[in-house]
Amino acid sequence: MQQAIKLASQAEQKGEVPIAAIITKIGSDNIVAEAYNEVEQQNNAIMHAEIIAITKATKLLNSKYLSDCAIYVTLEPCAMCAQALAHVKIGRLYYAATDPKGGGVEHGACVFHQKTCNHLPEIYSGMMENESRQLLQNFFQKRR
């Protein structure tokens with residue numbers, strides 16, 4: 001998660017909402033893919049860190065599924081990203097801060113608990129939550 005926080009800081013420096021994602025093989029510290037939000041850079045609202053990291057990982061591993069992988073995200077994934085994680089059958093999801101306003105795991109759509117969701121990863125939250133939340137709060141305070 002430390003590396004994800006560093007990446008999120010890089011996103012902030014580029015004017016992006018400071019959210020980042022890192023994918024590893026389960027049980028390994030080796031990074032398979034990493035990304036931060038590129039919504040502003042790409043002028044595309046779906047260029048979330050999770051979507052970019054998933055795309056990179058599936059290409060690198062030459063697999064449409066990531067069941068033997070874990071993703072570390074600095075903020076609770078939105079419903080779109082949570083559904084994408086279900087589609088690629090991610091093995092584990094770790095996220096730092098919860099997102100009561102836009103989250104899709106514990107909040108909002110609660111994607112993984114819907115009857116239509118075909119996969120439930122192991123889910124862990126709260127890792128480096130304070131650091132992630134502070135980064136986001138500082139970003140939005142500067143914007144207001």
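Residue Q2 qualifies as open at atom CD: its count of foreign heavy atoms under 6.0 Å is 12 or below. Shown here is N118, whose CG atom has more than 12 heavy atoms of other residues, nucleotides or ligands within 6.0 Å.
Here the rule is side chain to side chain contact (heavy atoms under 4.5 Å, CB included) with C69, and of T24, L61, I54 only L61 fits it. Remark: of the listed residues N37, I19, V17, N37 is the sole one forming a side chain to side chain contact (heavy atoms under 4.5 Å, CB included) with H48.
In terms of modelled atom types and a separation under 3.5 Å, the side chain of E50 and the main chain of V73 share no donor-acceptor contact. Between the side chain of E34 and the backbone N or O of L7, no donor-acceptor pair lies under 3.5 Å. The backbone N or O of I90 lies less than 3.5 Å from a partner atom in the side chain of H119, making a donor-acceptor pair. Side-chain atoms of S28 never come within 3.5 Å of backbone atoms of K25 as a donor-acceptor pair (strictly under, hydrogens ignored).
Of all heavy-atom pairs spanning A97 and R133, the tightest one is CB-NH2, 3.6 Å. Between M47 and Q42, the shortest heavy-atom contact is CG-CB, 3.7 Å. Residues A79 and A109 come closest through the heavy atom pair CB-CB, 4.0 Å. Of all non-hydrogen atoms in A4 and A20, the two that sit nearest each other are O-CB, 3.2 Å. The heavy-atom pair separating A33 from A57 by the smallest distance is CB-N, 3.7 Å.
Taken from CG in L93 to OH in Y72, the straight-line distance is 10.5 Å, to the nearest 0.5 Å. A distance of 7.5 Å separates OG of S132 from CE of M1, quoted to the nearest 0.5 Å. To the nearest 0.5 Å, atoms NZ (K6) and CD (Q10) are separated by 9.5 Å. The CD1 atom of I5 lies 9.5 Å from the CE atom of M127; values are rounded to the nearest 0.5 Å.
Counted by atom type alone, N138 and Q134 present one or more donor-acceptor pairs between their side chains at under 3.5 Å. Of the N and O atoms on the side chains of E106 and Y95, at least one donor lies less than 3.5 Å from an acceptor on the other residue. For the residue pair Y124/E122, the side-chain donor-acceptor check at 3.5 Å is satisfied.
Linking Ile, Leu, Val, Met, Phe, Trp and Tyr residues whenever their side-chain heavy atoms come within less than 4.5 Å places V105 and L136 in a single cluster. In the hydrophobic cluster analysis, where Ile, Leu, Val, Met, Phe, Trp and Tyr join through side-chain heavy atoms closer than 4.5 angstrom, F112 is grouped together with I23. Following chains of ILVMFWY side-chain contacts shorter than 4.5 Å, one cannot reach L85 starting from I52, and the two form parts of different hydrophobic clusters. By the criterion of side-chain heavy atoms lying less than 4.5 angstrom apart, applied directly or through intervening Ile, Leu, Val, Met, Phe, Trp or Tyr residues, I22 is grouped together with Y36 in one hydrophobic cluster. No continuous path of ILVMFWY side-chain contacts below 4.5 Å connects M80 to V39, so the two sit in separate hydrophobic clusters.
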Derivation of the side-chain contact (heavy atoms from CB on, under 4.5 Å) call for Q3 and I31: CA-CA 10 Å; Q3 180 61 23; I31 295 173; 3.9 Å; yes
Evaluate side-chain contact (heavy atoms from CB on, under 4.5 Å) for I71 paired with R92, printing each intermediate quantity in order. CA-CA 6 Å; I71 188 166; R92 292 183 188 159; over 6 Å; no
CA sep, side-chain torsions, deciding dist, call: E129, T98, side-chain contact (heavy atoms from CB on, under 4.5 Å): CA-CA 8 Å; E129 179 175 7; T98 59; 4.2 Å; yes
Let's go through I51 and I46 carefully: what are the C-alpha distance in whole Å and the side-chain angles of both, what is the deciding distance for side-chain contact (heavy atoms from CB on, under 4.5 Å) to 0.1 Å, and is it a yes or a no? CA-CA 8 Å; I51 300 297; I46 66 168; 5.6 Å; no
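The shortest distance between side-chain heavy atoms of C78 and D99 does not fall below 4.5 Å. Two residues are said to be in side-chain contact when any heavy atoms from C-beta on lie closer than 4.5 Å; T74 and L135 fail this criterion.
One finds a salt bridge joining E12 and K142 here, because a Lys/Arg side-chain nitrogen approaches an Asp/Glu carboxylate oxygen to under 4.0 Å.
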